[in-house]
S.K.: 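The following block contains the structure, expressed as structure tokens.
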Amino acid sequence: MSRFAEGPDPVFHELNRSLPFDRRLWPQDVAQSRAHAGMLAAQQIIGQEDRDAIHAALATVETELAEERFPFADADEDIHMAIERRVTELAGPAGGRLHTARSRNDQVATDLALWVREEADAASELVTGLMRALCNAAERHLDWPMPGYTHLQRAQPVYLSHHLLAYVWMLDRDRVRLAAVRASAGTLPLGAGALAGVNFVTDRAAVAAALGFEHGPAPNSIDAVSNRDFALDFLAAAATCATHLSRLGAEIVLFSSEEFGFCEVSDAWASGSSIMPQKKNPDAAELLRAKAPRVAGHLVALHGVMHGLPLTYNKDLQEDKEHLFDAADTLSLCLRAATGMIATTTWNAERLHAASGDEMIAAVDLADLLVRRGLPFREAHGVVAGLVRDALAAGVPLSGLSREQLAARSELIDEEYYEVLRRGTWLESKVSAGGTSLDRVCEQLADARALLAA
């Protein structure tokens, strides 16, 4: 029986129905229903026979869903109602007791929290895999020099290994954020009922323990059913991680162009042109670049859903799932693609070496030479800027300036000027912690390996 005299309009049914996308929550719904029924029996709210019948029905439902032969009905509004309907079909009146002491409000929030926890763990594993691929690539190209960039202009030389390892530390921060997501979803909503609690003496702590909610049950029933912070936290972590991947993709696009020629994406991660047979496009890298705003858009959209939403449950909250699901799927796909692409990209030592041989990127080293001789850095900066202008005007490299030209700029410049311009010193002079000298990069790589091992 229902309080409504007529059924829903077909258009409203389509608008209201979440089954097409929330059906992926079935593993979480089965798990929490199993724990809930066990608790109800332990608290003598339902009988042991009812619990056994419900558990048997849930086992059948689990198999049917896993094997994709679950008999969905047109009237099933969502996965939660579909599972309860099927349990009742299989268990009879006992199945009708499954929903005792819970509401769809706390049920949905619990399923979603379980799903977010699992997705955060899965994403963290994929992030770790990409970190490992980057470490392997850094190890293979440990002492390959390349120009480092600011404003996309050659700035100072670095080792390719140092450049690649920069992404490892970005990704490790992503792992920290994903761990925080798991923690934020560590409080059990189930048992809050629709919003005010339930009329039975339940054991929410036992359900929390059974389902792995380490922070126990939510202390406030109103907050329990209306909380979606963990969903926002997941989307925020996913958006930042996707942004990191977009930066990696953007650099691969640039570095693989003929203009740079620093690397080549393997055929497995590239596409051709429909009209130009010579083309090899780094499409995987381009898509990494383009997917990031999609994930960030889901974060902004869910903030829009939650913004100004009164307590407690509102149907607006149904809009959390599609944003979460698509963001998680997109991030997973991008992480797997980035890992495969980085593992198979080849780097061009000759082009990297030639680009890093531009003497102009040793300008800071020349300024530091003057600083060591007592000149304030700002004055040293001006002297070297003058030398750069002289070299450009004469059409020669910095080492092509005569001793007279050097002396005209500063009496502190002597033969060591030419020694500094020998390219080997540019990289190995960066001896500060976290710098690009080979010893520091080897230490950094060891730290990254230890982090992955831990």
Side-chain angles (χ1 to χ4, degrees), residues 21-32 34-35 62 65-66 68 79 108-136 167-189 208 210-215 228-246 248-249 284 287-288 291-292 294-299 302 320-343 448 451-454:
F21 53 85
D22 71 16
R23 61 194 296 169
R24 70 191 292 169
L25 291 174
W26 72 259
Q28 292 77 27
D29 200 71
V30 168
Q32 69 125 311
R34 188 176 284 126
E62 187 172 37
L65 285 162
E68 298 184 353
I79 189 62
V108 170
T110 300
D111 286 355
L112 199 63
L114 285 169
W115 184 88
V116 164
R117 289 160 66 83
E118 293 170 15
E119 283 299 313
D121 287 345
S124 186
E125 285 295 316
L126 291 173
V127 169
T128 299
L130 178 53
M131 291 170 65
R132 189 170 289 113
L134 286 161
C135 283
N136 292 340
Y167 286 100
V168 171
W169 304 110
M170 289 186 209
L171 292 164
D172 187 55
R173 295 194 296 273
D174 291 324
R175 294 200 305 177
V176 171
R177 277 182 280 270
L178 288 165
V181 169
R182 197 183 198 288
S184 76
T187 303
L188 174 74
L211 293 174
F213 286 93
E214 66 271 19
H215 300 317
R228 291 299 185 275
D229 289 1
F230 56 87
L232 291 168
D233 290 343
F234 179 86
L235 289 173
T240 301
C241 185
T243 297
H244 291 156
L245 299 181
S246 78
L248 176 62
L287 288 168
L288 291 181
K291 295 289 187 182
R294 173 174 172 167
V295 177
H298 287 307
L299 170 62
L302 187 55
D320 57 6
K321 296 169 192 63
E322 288 182 281
H323 295 302
L324 275 170
F325 296 160
D326 186 72
D329 292 345
T330 301
L331 181 62
S332 174
L333 180 61
C334 288
L335 283 166
R336 287 181 281 127
T339 301
M341 182 183 68
I342 287 297
L451 194 67
L452 291 171

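Position 1 is the first residue of the sequence; numbering continues from there. None of these values were measured; they are calculated from a predicted model.
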S.K.: What is the distance from atom OG1 of T128 to atom CG of D172, rounded to the nearest 0.5 Å?
M.R.: 8.0 Å

S.K.: I would like to know whether K321 and L25 meet side chain to side chain contact (heavy atoms under 4.5 Å, CB included); could you show each step before the answer?
M.R.: CA-CA 10 Å; K321 296 169 192 63; L25 291 174; 4.1 Å; yes

S.K.: Is a side-chain N or O of S124 found less than 3.5 angstrom from the main chain of A120, in a donor-acceptor match?
M.R.: no

S.K.: Considering all heavy atoms of both residues, which atom of C135 and which atom of L452 are nearest to each other, and what is their separation?
M.R.: SG-CD1, 3.9 Å

S.K.: What pair of heavy atoms forms the shortest contact from F21 to F325, and how long is it?
M.R.: O-CE1, 3.2 Å

S.K.: Between atom CD of E62 and atom CG of D29, what is the distance when rounded to the nearest 0.5 Å?
M.R.: 11.5 Å

S.K.: Does the side chain of L324 reach to within under 4.5 Å of the side chain of W115, using non-hydrogen atoms?
M.R.: yes

S.K.: Quick check: do L451 and M131 have side-chain heavy atoms less than 4.5 Å from each other?
M.R.: yes

S.K.: Are L335 and C241 close enough that some pair of their side-chain heavy atoms sits under 4.5 Å apart?
M.R.: yes

S.K.: Are T187 and F230 close enough that some pair of their side-chain heavy atoms sits under 4.5 Å apart?
M.R.: no

S.K.: Calculate, to the nearest 0.5 Å, the distance between atoms CD and CD belonging to E118 and Q28 respectively.
M.R.: 4.5 Å

S.K.: Would you compute the distance between atom CG of L134 and atom CG of L130 and round it to the nearest 0.5 angstrom?
M.R.: 4.5 Å

S.K.: Does any non-hydrogen side-chain atom of L211 lie less than 4.5 Å from one of T110?
M.R.: yes

S.K.: List the residues meeting salt bridge (charged side-chain N to carboxylate O under 4.0 Å, His left out) with R294, not counting sequence neighbours, and say none if there are none.
M.R.: D326

S.K.: Give the minimum heavy-atom separation between G129 and T339, together with the two atoms involved.
M.R.: O-CG2, 3.9 Å

S.K.: Looking at H215 and A183, would you say the former's side chain and the latter's main chain have a donor-acceptor pair under 3.5 Å?
M.R.: yes

S.K.: Can you name the closest pair of heavy atoms from A284 and M341 and give their distance?
M.R.: CB-SD, 4.2 Å

S.K.: Check whether any side-chain heavy atom of L287 lies under 4.5 Å from a side-chain heavy atom of L333, and answer yes or no.
M.R.: no

S.K.: How close do L245 and C334 get, heavy atom to heavy atom, and via which atoms?
M.R.: CD1-CB, 3.7 Å

S.K.: I need the D233 CG to L299 CG distance, nearest 0.5 Å.
M.R.: 9.5 Å

S.K.: Is there side-chain contact between V108 and D22, with heavy atoms separated by less than 4.5 Å?
M.R.: no

S.K.: Which pair of heavy atoms, one from D174 and one from A237, lies closest together, and at what distance?
M.R.: OD1-O, 4.5 Å

S.K.: Is the Lys NZ or Arg CZ of R117 less than 6.0 Å from the centre of F213's six-membered ring, within 45° of the axis?
M.R.: yes

S.K.: Output yes when D320 and R228 qualify as a salt bridge under the 4.0 Å nitrogen-oxygen rule, no when they do not.
M.R.: yes

S.K.: Measuring from E125:CD to L178:CG, what's the distance to the nearest 0.5 Å?
M.R.: 11.0 Å

